[in-house]
Every structure is written in C-alpha cells, then in structure tokens.
Amino acid sequence: MSLRDLQAKIGRKEARLAVIGLGYVGLPVACMFAQAGFDVLGVELRTGCVQKVNSGSSPIEGNEPGLDELLQEVVAARKLRATPDYQALRDRDVILICVETPVDENNIPRYEALRSALSSLGPVLKPGALVIIESTVAPRTMDEVVLPLLESSRVGKLNHDFYLGNCPERVMPGKLLKNLRTVNRVVGGMTPETAQVIVDLYRHIVQADLDPTDCITAELVKTVENTYRDVQIAFANEVALICEAAGGDVWKVRELVNKSPGRQMHLPGAGVGGHCIPKDPWLLAYGAHDKDLALRLIPAARVINDQMPLHIVDLLQDALQEAGRSIAGARILVLGYAYLEDSDDTRNSPSAILVQRLRELGAQVVIHDPYVKEYQGNLQEMVTGCDAAVLMVRHQEYLSLSLSTLKSRLRLPVLVDGRHVWDPEQVSPVGFIFRSVGRGYRK
Ligand code: SAJ
C-alpha cells in the first residue's frame, strides 16, 4: 500500500490501528482512537493488563477522569481489544509504540522494551504499514536504533515497504485524556509526506496544534522541554539555598522576580521526582554522548535537584539540634511519599531519598500519604509520639492541617516544610521550631 493510499484509509477511518504498550501513555491513546471510530488492537505482554482491558477495566492506578468510562465504552463497542500476541499485528496499517524508555544508574538509556517491541514487530509488519514511536527517546535514536531494527527484522526498505515517524507523548498523570485532546504535539516523519500523514491521523483525536517536522527535531523537542523544566527547577532550588544562607525568603523573592517581564522562576522544593523530568535530561545528553561536548549545566541541574531531599535532612537536623535532640533515635513523621501532590505515583519520589537518609542516620521513620496505599492511615495517630514532622508533598489534605493539634501531638515542636505549605506568620505563634526550604533561619 502506498503512503497516499494509507492517508486515504486514515481519512475514511478504515485504517486498522495498533498500540504496543498499554500503560499510562498507550492505553489512553488507544481508547481515544477507538472512540474516534478506528479499529484498535492493543498489544501488551502483561497478561493481567490484557485481561483487565478486555473486561473494560482500566489497569492504570490513580484518578484519571473519564478513562474508566471511555475504556468500557470502546471495549463494549468492540473498537478496542487487547492481546499479548504480536501475530495479531499482521493486518495492522498503523502501529503506535508506547513502551518505557528508562535510563540506568549510569544515566544511559535502556531500550530493552523498545528493541523487543521492534524486533517482534518487524517480522509481522504489514507491507506499507506506518510505525509511529510515541516513547520519549534520546536524539538520534530514530535513525540509529529504530530504523536499523525495523529494516533488519523484516525484508524491506524505509519509504518503500514501510513508513516511520515519531510523535512524542505529552501526557501528565491525573489528566491523561484531557491533555491528549488539548496539548500541542510535535510530529516527526522520516519524510515530510509521512509527517503529514501522521498529522492527519492525530487530527482525529487532538484539538491542539500538530506541528510536522523531521524525526531528530521531534526527539530534541521532547527531551529539551523536560530538560528546560529540570534546569528551571534547579535554578529555583539554588536561589532558595542562597536565600536561606543570606537570610531572605525565596517565596517573596520569587513572587517579585516573576513580576519582572519575561521571568518565570519555578518552585523550589524538596526535590524532583516522577517518570519524566529526572530521566529526560539524560536522554537529551545522550544524544551527544559520543561527541566531544562537555555538558555542564544540564548535569549540574540534576545534581542540585537530587540533593534537595538531603537538604531537607539538613534542615531537620538543624531544627532538632535547636530542640536539643539528635536525629539518631528520633522518631520522624514524613508527610507525603508520592512524587507529586494529590497523586499516588511514587516513581523517583524525593521522599524515598529522604527516608533512606533518615534511616542511615539512625532515625525511626513514620510515613503518611493519603494516596499511597501502604502509607495511608490516621494521621493524628501516626503523628502522636513523633519528635518532628517533615512535609514533603503538597497534598490537599495537609494544607488544612491544624498546626496547634499537630504541635500538641508531637513530642517536640519541630516542623520542616519542603513545599511551602506554611508561612512563618502561621507557624511561629504556635511555638514551632520551624524550617522551610528557601527561608533564612541563620541567627
Ligand atoms: N517540581 C518542583 N518545582 C516545580 C515544578 C515541579 O520541584 O516548579 C517537582 C514536583 O514536585 C515533582 C517533579 O518536579 O516532584 C515533576 O513535577 P512536574 O510538575 O513536572 O510533573 P510531571 O513529572 O508529571 O511532568 C509532566 C511532564 N509532562 C510530560 O513529560 C509529557 C512535564 O513536561 C509537564 O510540564 C508536567 O507534567 C506538567 O506541567 O504537569
């Protein structure tokens, strides 16, 4: 089938789609193309996930507005079904690949899932089919990993026997469906014609801009946009450390800096977690790893952000010292374990770094998080008998905490705020020994 024939089939919604990987990226996009009227096959190796999807039940944890209902609707309408069998891909005209692309402890991309998906897809790929990579990959991966794997695993050449592009995901947990509809997308194609066909396809589900370009640009845009965020957060964190040392208040400073045209200082805090921001700067850096280019700012930003949970420990030690207590043997209540407010997602959580360090220093740690199953519980009971409370995540529940009740239940009036929940004017009258990221406390 020619690209033009495929473009026509997409226009008539007759193209048969497939999504490889039914996680927080693949499942919503599969549901939305199915809702748009396409026949969609989900390929997923986790059989438990396959069974849940085929029963119309979402395997995704956390609150995703509309996803459960949409999944039930499209499965009942037989527009979406899931299978672990790659052979089922033989009749698919368009295949989206939405598998994980983590980095390892040396910050090197790990493409096992991507390579496995491509190697299994190649031999069953229908002639004239279009392959679209949604996973976030390091610049040059399309040219140096994806294309060679597809060409080596099947008889055929690019732009003759199959077509290839990338449309990096821009999902945000908690608003997966809304963002798919409303967030602009960059669309990379191995040829401009391929990029246009991919734009035509996504136009069926995306109401925002679809910007066609080449694959290397799409790879760079996705990794740069998250690296931008990481560097901006690191800047805010370093300014917070300066404010602490200089006796300033970073929150007042940030508010007034951001009144200056063109400034948008981000939020300093207890660290940077999640599945995107800690990883994507390393994917971007890897795009130039074999060139004689010494990156300094991007790696330094990662170091600054990864140090912030340890800085919270320093603030806690300082406050406990003022209360005449060492951290060894102290009982510490950690408020929040998810990486993001009002989420149950704990991937790369800064709280995990904090808890590990506290235990290394001999503290007993009590963890509360209203969204993370293993840490749910009665907060008032959990705080009783603790020597200090450390706020790590700005969950809604914590914003309305009674400070006087909190103090009455703590053995020592020690409170550390990692996410700007409280101001000194609220805390001091209650009699806390208070430390907060970005606020000078040096006498
Ligand atoms: N954080 C800060 N200061 C900030 C913003 C975030 O310390 O100013 C921390 C958060 O507490 C969290 C981490 O950084 O631990 C990541 O927060 P995030 O708001 O960036 O949320 P993510 O990880 O879900 O990022 C996703 C990204 N989306 C995609 O990769 C498709 C990111 O590009 C979005 O900007 C972000 O969602 C969003 O804006 O919701």
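All ligand and atom numbering here is 1-based and tracks the order in the structure.
Of the N and O atoms on the side chains of H395 and Y337, not one donor lies less than 3.5 Å from an acceptor on the other residue. For the residue pair N166 and E219, no side-chain donor N or O sits within less than 3.5 Å of a side-chain acceptor on the partner. When only modelled atom types and interatomic distance are considered, N237 and N305 share a side-chain donor-acceptor pair under 3.5 Å.
Heavy-atom distances between G273 and ligand 1 reach below 4.0 Å in at least one pair. Taking a 4.0 Å cut-off on heavy atoms, Q232 fails to register as neighbouring ligand 1. Heavy-atom separations between G271 and ligand 1 include at least one value shorter than 4.0 Å. Distances from ligand 1 to the non-hydrogen atoms of E225 include no value under 4.0 Å. The shell of residues lying under 4.0 angstrom from ligand 1, judged by heavy atoms, excludes R394.
Side-chain contact check for L70 versus M32: some heavy-atom pair is nearer than 4.5 Å. Side-chain contact between D345 and Y371 is absent, with no heavy-atom pair separated by less than 4.5 Å.
Using a 4.0 Å cut-off between a side-chain N of Lys or Arg and a carboxylate O of Asp or Glu, D423 and K252 do not qualify as a salt bridge. A salt bridge links D318 with R435: at least one charged nitrogen is closer than 4.0 Å to a carboxylate oxygen. Salt bridge D104/K279: absent, no basic N to carboxylate O contact under 4.0 Å. A salt bridge links R302 and D230; the closest N-O separation between the charged side-chain nitrogens and carboxylate oxygens is under 4.0 Å. A salt bridge does not link E169 to R185: none of the charged side-chain nitrogens sits closer than 4.0 Å to a carboxylate oxygen.
Checking M308, H275, M172 against atom 36 (C) of ligand 1, the nearest heavy atom belongs to M172.
Of all protein heavy atoms, the one lying nearest to atom 19 (O) of ligand 1 is R229 NH2, 2.8 Å. At the top of the distance list for atom 33 (O) of ligand 1, counting protein heavy atoms only, stands N226 OD1, 2.5 Å. In terms of protein heavy atoms, atom 28 (N) of ligand 1 is closest to V171 O, 3.4 Å. Nearest non-hydrogen protein atom to atom 17 (O) of ligand 1 is L340 CD1, 3.7 Å. The protein heavy atom nearest to atom 14 (O) of ligand 1 is V272 CG1, 3.6 Å. Ranking protein heavy atoms by distance to atom 22 (P) of ligand 1, first place goes to Y339 OH, 3.7 Å.
Less than 4.0 angstrom separates some heavy atom of I233 from each of these atoms of ligand 1: 1 (N), 2 (C), 3 (N), 4 (C), 5 (C), 6 (C), 7 (O), 8 (O), 14 (O). Taking every non-hydrogen atom of C276 and a distance limit under 4.0 Å, the qualifying atoms of ligand 1 come out as 29 (C), 30 (O). For ligand 1, the atoms lying closer than 4.0 Å to a non-hydrogen atom of R419 are 7 (O), 11 (O). Below 4.0 Å from some heavy atom of P173 lie the following atoms of ligand 1, by number and element: 24 (O).
Between H289 and Y286, the ring planes are parallel. Angles under 30° get that label, and only those over 60° would be called perpendicular.
Where the criterion is an N or O separation shorter than 3.5 Å, residue side chain and backbone included, K222 meets it with respect to ligand 1. Considering backbone and side-chain atoms together, D280 places no N or O closer than 3.5 Å to any N or O of ligand 1.
In this structure, F235 has its ring center no closer than 6.0 Å to that of H266.
With a 4.0 Å cut-off on non-hydrogen atoms, L267 touches ligand 1 through its backbone as well as its side chain. Here E341 has no heavy atoms under 4.0 Å from ligand 1, in either its backbone or its side chain. When non-hydrogen atoms are compared, ligand 1 lies under 4.0 Å from neither the backbone nor the side chain of N305.
Rounding to the nearest 0.5 Å places CZ of R439 at 10.5 Å from SG of C243.
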